[in-house]
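Worksheet for the structure shown next.
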Amino acid sequence: MSDHRVLVVFFSRTGTTRMLASTLARMLSADLEEICDLAERRGPFAYLRCLVDSWRKRPAEIVPAGLDAAQYDLVVVGTPVWAGSASAPVRAYLLENRSKFRQVAFFCSFGGLGSQAAFAEMRALAGKAPVAQCNVRAAEVRRGAVGALLVLFVSALKRHLADHEALEWTC
Ligand SMILES: Cc1cc2nc3c(=O)[nH]c(=O)nc-3n(C[C@H](O)[C@H](O)[C@H](O)COP(=O)(O)O)c2cc1C
């Protein structure tokens, strides 16, 4: 595992996905990159913009990624769920970087509805099936009750990387 390079990339409007992303990066000894959105996402009009972007499946304008996804064995991408979709900045990131991914995994924070549809969209945008995915309710993040779930997710990722390495050695 220590030889593998892992990148955790995320967008967060109000901090929930950020909290998950930084915990995951620590657990995976991964690099961490936050997607920077050029649109204003605060306030009631901005909330509406998030909704419209989601309904139209519109990618946001984002600052180009600082870290090169092609340099990583696994890129773990996290988003909040917006109207049963991936957030617009994550949509843009996946579209802009899809040719660079070797392996991907997904996580999201959400209120309770629409995570599977968001994951399906992310899979289509990335052009790859994720090696694992993990949805976490925002209320559980606020209660600090996500430890066991993240341990399971990280174990699945580490197992996958180890198996993949074993396959490469036997080829
Ligand atoms: C515009 C918008 C739409 C949302 N739509 C959904 C939704 O369809 N389903 C859901 O469970 N939560 C929805 N949420 C709640 C967020 O997914 C949830 O609060 C998430 O944890 C926020 O993550 P963040 O703090 O990283 O921005 C929505 C939030 C926003 C701002």
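Remember, it's 1-based here, ligands and their atoms both numbered in the order they're listed. Note that the structure is a prediction, hence the values are computed from the model and not measured.
Near L51, meaning under 4.0 Å from one of its heavy atoms, ligand 1 places the atoms 1 (C), 3 (C). Under a 4.0 Å criterion applied to the non-hydrogen atoms of R13, ligand 1 contributes the atoms 24 (P), 26 (O), 27 (O), 31 (C). Taking a cut-off of under 4.0 Å to the non-hydrogen atoms of G111, the atoms of ligand 1 that pass are 10 (C), 11 (O), 12 (N). Heavy-atom contacts of T16 reach the following atoms of ligand 1: 21 (O), 23 (O), 24 (P), 25 (O), 26 (O) (cutoff under 4.0 Å). If you number the atoms of ligand 1 from 1 as listed, the ones under 4.0 Å from a heavy atom of A138 come out as 21 (O). Residue-ligand proximity, S12 to ligand 1, at heavy-atom distances under 4.0 Å covers atoms 24 (P), 25 (O), 26 (O), 27 (O). When each atom of ligand 1 is checked for a heavy atom of T17 under 4.0 Å away, the hits are 23 (O), 24 (P), 26 (O).
Side-chain atoms of R91 come within 3.5 Å of backbone N or O of A86 as a donor-acceptor pair. Judged by distance alone, the side chain of E33 and the main-chain N or O of A65 form no donor-acceptor pair under 3.5 Å.
Classified by interplanar angle (parallel below 30°, tilted 30° to 60°, perpendicular above 60°), the ring pair F119/F106 is parallel.
From the protein, the heavy atom lying nearest to atom 7 (C) of ligand 1 is L113 O, 3.6 Å. Looking at atom 2 (C) of ligand 1, its nearest protein heavy atom turns out to be W82 CD1, 3.7 Å.
The existence of a salt bridge linking D73 and R5 is excluded, since no basic side-chain nitrogen approaches an acidic carboxylate oxygen closer than 4.0 Å. Under the 4.0 Å criterion applied to side-chain N and carboxylate O atoms, D37 and R13 are not assigned as salt-bridge partners. Using a 4.0 Å cut-off between charged side-chain N and carboxylate O, D163 and K158 make no salt bridge.
Summarising the contacts of atom 17 (O) of ligand 1 with L20, N135, V81, V52, the nearest heavy atom is found in V81.
Between G84 and ligand 1, at least one pair of N/O atoms sits closer than 3.5 Å. Residue G112 places at least one N or O, backbone or side chain, under 3.5 Å from an N or O of ligand 1. For G15, a nitrogen or oxygen atom sits less than 3.5 Å from a nitrogen or oxygen atom of ligand 1, counting backbone and side chain alike. Between C50 and ligand 1, no N or O atom pair is found at a separation short of 3.5 Å. Between S109 and ligand 1, a contact under 3.5 Å exists for at least one N or O pair. Between G114 and ligand 1, no pair of N/O atoms sits closer than 3.5 Å. The shortest N or O to N or O distance between T14 and ligand 1 is below 3.5 Å.
Counting heavy atoms under 4.0 Å from ligand 1, residue A83 touches it through the backbone alone.
Of all the heavy atoms in A83 and S54, the pair that sits closest is CB-CB, 3.8 Å.
Under a hydrophobic-cluster definition in which Ile, Leu, Val, Met, Phe, Trp and Tyr are linked whenever side-chain heavy atoms come within less than 4.5 Å, directly or via other members, V77 and V8 are assigned to different clusters.
The environment of CD in E61 is sparse: at most 12 heavy-atom neighbours from other residues, nucleotides or ligands sit within 6.0 Å.
Within the 4.5 Å cutoff, side-chain heavy atoms of V146 are placed close to those of L20.
With values rounded to the nearest 0.5 angstrom, L74 atom CG is found 10.5 Å from R102 atom CZ.
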